[in-house]
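Encoded as structure tokens, the structure appears first; notes follow it.
Just follow the structure's listing: the first ligand is 1, and inside any ligand the first atom is 1. It should be emphasised that the depicted structure is a prediction, and the values quoted were computed from it without experimental measurement.
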Amino acid sequence: MSPKNKINALREELKEHNYNYYVLDKPEISDFEFDQKLKELQDLEAKYPEFYDVNSPTLRVGGAVTKNFTTVAHEQRMYSLDNSYSKEDLEDWEKRIKKIVDGNVEYTCELKYDGASISLTYEKGELVRAVTRGDGLQGDDVTNNVRTIRSVPLKLRGDYPDKFEIRGEIVLPLEGFAKMNAERVEAGEEPYSNPRNTASGSLKLQDSAEVAKRPLDCLLYSLVGENLNCSSQFESLQKAREWGFKVPDVAKLTSSTKETIDFVNHWDIHRHELPYETDGVVIKVNSFQQQEELGHTAKAPRWAMAYKFKAEQASTRLNKITYQVGRTGAITPVANLEPVQLAGTIVKRASLHNADQIEKLDVREGDMVYVEKGGEIIPKIVGVDFENRDPESTPTVYIDRCPECETPLIRKEGEAQHYCPNDEGCPPQIIGRIQHFISRKAMDIEGLGGETVTLLVNEGLIGDYADLYELTKEQVIPLERMAEKSAENLIQGIIASRKIPFERVLFALGIRYVGETVAKKLARHYKSVDNLAAAKMDELIAVDEIGDRIAESVVDFFQDEKKKELVERLKSHGLQFMVSEEELKGQTDKLEGKTFVISGVFEKVSRNDLKKLIEKNGGKNTGSISSRTDYLVAGENMGPSKRTKAENLNIPILNEEDFLRMLK
Ligand code: AMP
Ligand code: ZN
């Protein structure tokens, strides 16, 4: 087979597997096999750049960066929907319809997916553009980001029209959302508040590689265009499904409001079993012919109606507000409720987020409050029943001292959360830090769990994570639920953890905002803790993806005498504070001290790999051209303003070949 044919065959095959996995949810090969084939294709594409294709399955991982999203006018306006809340509302709507159209009216009932609306344009079976709804008349071109969403087909199958638009909703399924939040909490960051906002925020990220990491999904519900070759909504959904789009199959044809209400009632209950959030049902007149007769109002089509589910709400008494202290010292107020049934579970606690939220809602202990369950993991309080408030009650006064150690709390400019600054002496912070240190993604100490850490701290055997390495078997044996064997395992586990690579040790230190990925970045860039500790603010910021907040936190950490001492003690116990020989392989100083800006699209190596190559060889990546830039590496389609700027500043412009030659 010629390379070209081989590449095409692999692309076609991967497209099928991608479809089976992400659209049909029925994979036919293992992830491992998939990765093997992908790797094979990547290698071929690198070897034969002349067969580049933006829609190749290898490019799902992203890499393209959009600094400013271009505004694009919608060919046909993206309307809102009118809302209805009761059977009566729907009957009124039906009457209005019957006045305008003759004959029977059928309806397609669909779920109203709660995410960010998107319009996708396909030409000759390939995705050419993805645009947000914006104000309905024009939106932002987010094509680079949408390409990374695995359930969006880049190439279609079957018998599709030459050119058409399809609309749908980009959602963040609940499971993926929960996972993202767990990772954020682990890195000491505030969790995202709900899947919808996170989905729409994701579309506007500048780096598509970041978008690719988010488990977004795209559900389609409407075809727009001429020559669609179908005559009804229901049929068009069927067609879209055949062309490879993910169209949920809950859609149902009904011929009366009564049947529609049955559909609504069914899904009002069963929607909680779906992997993503919905906030209602959308009912559409099925026949395109009748849709046309009905037309639009200024705001919405007359042929469609949203029916909003009532948010699952319950009212109950707020008994007490308590305050939790996290491992980074962040304070979270918690509402302790009179237990109440909500969306199938009994709720006893709800989040109050922070002091501003309490003030905004004006919640007080003893109030009757309304609790809702959204996409959040714990339910939230959305309001107070003021009429039932005890006239004697007084506004909640937020605590000003740590509930665990009495230290006065602080609140940094621009941050919503209060913090307990006593990180050395505040028990939940001490325990939390050590628990983080031993956790699976950090030092992964076998034989030691979170509860044992609490026990060890409470017994006064350890006070920080360096103390772990000084523990003896004899000290541990007398502890509750310990025996000779388990104590031995614990000590062995601690000894074994000395081999854990630097990047994970760095993560384990628990520097605020330094999560798993940031730790990797820093470890690769600085190669040793000494280099990192010596780094200045502006040097840190120059590292790819390190912003002010992270940089400041790193600098603070290594300026703290106590932290320095901790690191020294860990060093003396033989932990890895340098990238190992093995990891260093392929690393050189060829680009030492040189700052690069990469722009455009490349043929042989992806942007990401180019950046990695620069870092591996000691160079620095930055996003924008300044007098401190040493080289601009220019690919295809680089913006003309970058080139002009580089020329004005006399910065050498390299193409891909020139750059690769520098490394030879
Ligand atoms: P609203 O923003 O409340 O006016 O509702 C209109 C929005 O609902 C549209 O812009 C779509 O993004 C969204 N939507 C979600 N599911 C559907 C669906 N099945 N059909 C039409 N619109 C939908
Ligand atoms: Zn404290």
Side-chain angles (χ1 to χ4, degrees), residues 74 76-85 107-120 130-137 139 165-171 195-197 199-200 203 217-224 233-234 236-237 240-241 245-252 260 263-264 267 271 274 276-286 291 296-301 303-309 311 323-332 399-410 417-433:
H74 293 297
Q76 295 201 37
R77 184 170 163 182
M78 288 178 87
Y79 284 95
S80 283
L81 293 171
D82 285 329
N83 287 326
S84 61
Y85 301 90
Y107 304 91
T108 302
C109 299
E110 299 164 33
L111 288 177
K112 191 166 187 291
Y113 318 109
D114 201 11
S117 13
I118 194 80
S119 150
L120 308 175
V131 183
T132 62
R133 182 184 133 117
D135 63 1
L137 296 169
E165 184 192 332
I166 187 164
R167 293 172 180 177
E169 203 81 358
I170 304 226
V171 298
R196 186 199 335 110
N197 293 351
S200 63
L203 292 182
D217 209 347
C218 182
L219 310 172
L220 285 313
Y221 52 69
S222 166
L223 281 177
V224 185
Q233 170 65 9
F234 200 76
S236 75
L237 293 179
R241 221 172 266 137
F245 293 102
K246 190 162 187 172
V247 180
D249 56 11
V250 297
K252 192 174 177 232
T260 302
F263 181 89
V264 169
W267 284 106
R271 65 189 166 119
L274 295 169
Y276 41 78
E277 292 199 293
T278 57
D279 61 345
V281 166
V282 184
I283 306 133
K284 299 172 185 170
V285 169
N286 190 40
Q291 287 188 5
H296 296 79
T297 65
K299 181 185 145 261
W303 46 264
M305 183 60 85
Y307 187 106
K308 290 275 176 122
F309 291 134
Y323 299 85
Q324 273 177 356
V325 188
R327 96 172 138 82
T328 56
I331 308 289
T332 314
I399 50 167
D400 57 2
R401 283 176 180 271
C402 175
E404 302 278 344
C405 74
E406 304 277 302
T407 307
L409 299 180
I410 54 163
Q417 230 68 15
H418 282 76
Y419 282 87
C420 164
N422 179 21
D423 56 343
E424 300 293 327
C426 184
Q429 295 191 57
I430 295 171
I431 294 172
R433 260 196 314 270

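Interatomic distance, SG of Cys420 versus CD of Glu404, reported as 9.0 Å (0.5 Å rounding).
Where the criterion is an N or O separation shorter than 3.5 Å, residue side chain and backbone included, Val282 fails it with respect to ligand 1. Ligand 1 has a nitrogen or oxygen under 3.5 angstrom from a nitrogen or oxygen of Tyr221. In terms of polar-atom proximity, defined here as any N/O pair under 3.5 Å, Tyr79 makes no such contact with ligand 1.
Ring orientation note: the planes of Tyr221 and Tyr113 are close to parallel, at an angle under 30° on the 30°/60° scale.
Among protein atoms, those of element N, O or S found less than 2.8 Å away from the Zn ion (ligand 2) are Cys402 SG, Cys405 SG, Cys420 SG, Cys426 SG.
With respect to Arg271 and Asp279, no salt bridge is recorded, no charged nitrogen being found less than 4.0 Å from a carboxylate O. A salt bridge links Lys284 with Glu110; the closest basic N to acidic carboxylate O contact falls under 4.0 Å.
Only the side chain of Glu110 comes within 4.0 Å of ligand 1, judged by heavy-atom distances. Under 4.0 angstrom from ligand 1, the non-hydrogen atoms of Tyr113 come from both its backbone and its side chain.
Here the protein heavy atom with the shortest distance to atom 4 (O) of ligand 1 is Leu81 N, 3.2 Å.
In this structure, atom 2 (O) of ligand 1 has no protein heavy-atom contact shorter than 4.0 Å.
Evaluated by nearest non-hydrogen atom to atom 12 (O) of ligand 1, the leading choice among Lys308, Arg167, Glu169, Lys299 is Glu169.
By the ring-ring contact (aromatic ring centres under 6.0 Å, His included) test, Phe245 pairs with Tyr122, sequence neighbours left out.
Although no hydrogens or angles enter the test, the distance criterion places no donor-acceptor pair under 3.5 Å between the side chain of Gln233 and the main chain of Tyr107. For His74 (side chain) and Thr132 (main-chain N/O), a donor-acceptor pair under 3.5 Å exists by modelled atom type. With hydrogens and angles disregarded, a donor-acceptor distance shorter than 3.5 Å links the side chain of Asn286 to the backbone of Phe234. The backbone N or O of Ala306 lies less than 3.5 Å from a partner atom in the side chain of Ser84, making a donor-acceptor pair.
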CA sep, side-chain torsions, deciding dist, call: Val325, Cys402, side chain to side chain contact (heavy atoms under 4.5 Å, CB included): CA-CA 8 Å; Val325 188; Cys402 175; 4.0 Å; yes
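Heavy atoms of Leu111 come nearer than 4.0 angstrom to ligand 1 in at least one pair. Ligand 1 has at least one atom lying under 4.0 Å from a heavy atom of Lys284.
Applying side chain to side chain donor-acceptor pair (under 3.5 Å) to Ser119 and the options Arg133, Glu165, Arg167 leaves one that passes, Glu165.
Taking every non-hydrogen atom of Arg133 and a distance limit under 4.0 Å, the qualifying atoms of ligand 1 come out as 10 (O).
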